[in-house]
Amino acid sequence: MKKIILVLVLLLVAVIGGGLYYVYTNLDAIVKAAIEKAGSQTTQTAVRVDSVKIVLSDGAGTIKSLSIANPKGFETPHAFLLDAVETQINIKSLTKEPYIIEKVIIRKPQVFYEMNKDREGNLNKLYNNITAATAGDSKDKAVGKGAEPKLIIRHFLFADATVEATVVPLNNKKYTLKLPTIEMNNLGGTDGATPAEISKQVLRTITERALAEVKRAGIDEKAEALKSKAQEKLDTKKREAEGKAGEKLKNLLGK
């Protein structure tokens, strides 16, 4: 009996040890898959990552080439291209929630703004997707389903960003704009927030700043002016057609 128990203990140790070894040696791939899955569910678009590098000893992490695809209804393929995202995790905070991320630094990101033929903005649509996903998560948590971990991000930096704006109503006219540096502190407050809720807050801020630059460039006014001009031409043609029809009817009645 003792031998059987010893064998079972050894097997248990081997299984646990093997599992830990697998997680440790495949941590980067596990995190990469988690980011793509959670990101895609939250944005309702394709989120892709080229690679992830985690250094457990000091809590440092780097995410390379993170892309967020545009929602349906837009011609440009991406809403965001982030060359590198640097993170620093507070290792001591991992024993209980909220987990603390000391910093998230994103440098030289590319933001792609598109106004489609219906004068809808892709960033607004993406924000609405995240809002809907967040509302769904909150509902699930209320009934005890799939509660997400709570996080606090001490410092968030989004620097040296460019906005590539495409305006379909202006014959796909393109603009390159500079986005002012965005710095945010203590995301999640004192009690923490879910990744989806923090993503919503960050994207709302980026969207507002990007749209402010679009407005500053006068893109909205140009699109509206083009729409008004097109409507004027349509109204003129309609009046001309009605006038010609009236003349024909008058001539027929005159005969």
Side-chain angles (χ1 to χ4, degrees), residues 30-50 52 54 61-72 74 77-90 93 97-107 109-114 121-142 145-159 161 163 179 181-212:
I30 292 170
V31 173
K32 176 180 180 295
I35 291 171
E36 292 181 336
K37 182 179 179 180
S40 298
Q41 289 175 343
T42 303
T43 62
Q44 299 176 45
T45 66
V47 174
R48 296 289 178 262
V49 173
D50 184 54
V52 172
I54 304 293
T62 302
I63 303 165
K64 288 284 189 181
S65 299
L66 189 153
S67 65
I68 302 176
N70 256 335
K72 292 181 180 178
F74 298 91
H78 297 106
F80 292 92
L81 285 178
L82 312 179
D83 182 54
V85 180
E86 298 175 22
T87 63
Q88 182 69 50
I89 302 167
N90 186 324
S93 75
E97 294 186 32
Y99 307 124
I100 297 174
I101 299 175
E102 295 294 346
K103 63 181 179 181
V104 174
I105 298 176
I106 304 172
R107 297 189 186 279
Q110 290 177 282
V111 181
F112 298 89
Y113 170 78
E114 179 185 334
N122 63 325
L123 298 183
N124 304 81
K125 176 66 175 176
L126 198 63
Y127 174 75
N128 290 339
N129 286 353
I130 292 177
T131 299
T134 305
D137 289 339
S138 298
K139 184 179 179 181
D140 286 344
K141 283 183 288 183
K145 296 180 181 179
E148 287 189 72
K150 288 194 173 183
L151 311 173
I152 294 174
I153 298 179
R154 294 293 189 202
H155 184 65
F156 175 86
L157 177 67
F158 195 82
V163 180
L179 193 63
T181 296
I182 296 173
E183 290 191 74
M184 306 173 73
N185 295 313
N186 296 318
L187 292 169
T190 55
D191 298 324
T194 68
E197 291 167 339
I198 290 177
S199 297
K200 176 183 172 184
Q201 184 179 353
V202 169
L203 187 61
R204 180 179 65 236
T205 300
I206 295 173
T207 298
E208 288 173 351
R209 301 286 179 86
L211 292 178

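When a residue number appears, it is its place in the shown sequence, counting from 1. Heavy atoms only: backbone and side chains are in, while hydrogens, waters and symmetry mates are out.
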Between [atom1] of [X] and [atom2] of [Y], what distance do you get to the nearest 0.5 Å?
X	Y	atom1	atom2	answer
K103	I153	NZ	CD1	13.5 Å
N90	I152	CG	CD1	10.0 Å
E86	I63	CD	CD1	10.5 Å
L187	E197	CG	CD	12.0 Å
E114	N124	CD	CG	12.0 Å
D191	E97	CG	CD	11.5 Å

Problem set entry | Working for side chain to side chain contact (heavy atoms under 4.5 Å, CB included), residues T205 and F158 | CA-CA 11 Å; T205 300; F158 195 82; over 6 Å; no
Problem set entry | Worked check of side chain to side chain contact (heavy atoms under 4.5 Å, CB included) between L123 and V111 | CA-CA 9 Å; L123 298 183; V111 181; 4.0 Å; yes
For this session: Any chance you could lay out the side chain to side chain contact (heavy atoms under 4.5 Å, CB included) test for Y127 and K200, step after step, and finish with the verdict?
Result: CA-CA 7 Å; Y127 174 75; K200 176 183 172 184; 3.6 Å; yes
Exercise. Do T45 side-chain atoms and A69 backbone N/O form a donor-acceptor pair below 3.5 Å?
Worked result: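 Yes, the answer is positive, given that a donor and an acceptor are paired below the 3.5 Å cut-off.
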Exercise. Can any side-chain N or O of Q44 pair as donor or acceptor with the backbone N or O of N129 at less than 3.5 Å?
Worked result: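 Such a contact is found between Q44 side chain and N129 backbone.
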For this session: Can you spot which of L82, D83, L81 makes a side chain to side chain contact (heavy atoms under 4.5 Å, CB included) with Q110?
Result: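 Checked L82, D83, L81 against Q110; only one passes side chain to side chain contact (heavy atoms under 4.5 Å, CB included): L81.
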With heavy-atom distances below 4.5 Å as the criterion, would you say the side chains of [X] and [Y] are in contact?
X	Y	answer
V47	T42	no
I106	F156	yes
N122	L126	no
N186	R154	yes

Specify the closest pair of heavy atoms between [X] and [Y], including all atoms of both residues, with the distance to one decimal.
X	Y	result
K150	G192	CD-O, 3.9 Å
V49	V52	CG1-CG2, 3.8 Å
Q201	G188	OE1-N, 4.5 Å
P195	P149	CD-O, 3.3 Å
A159	P109	O-CD, 3.1 Å

Exercise. Should we count NZ of K125 as having more than 12 external heavy atoms under 6.0 Å?
Worked result: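 No, because the 6.0 Å sphere around NZ of K125 holds 12 heavy atoms or fewer from other groups.
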For this session: Please check if atom CG in N185 has more than 12 non-hydrogen atoms from other residues, nucleotides or ligands closer than 6.0 Å.
Result: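 Count over threshold, so yes.
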Exercise. Taking it one step at a time, do I206 and F80 satisfy side chain to side chain contact (heavy atoms under 4.5 Å, CB included)?
Worked result: CA-CA 11 Å; I206 295 173; F80 292 92; 3.8 Å; yes
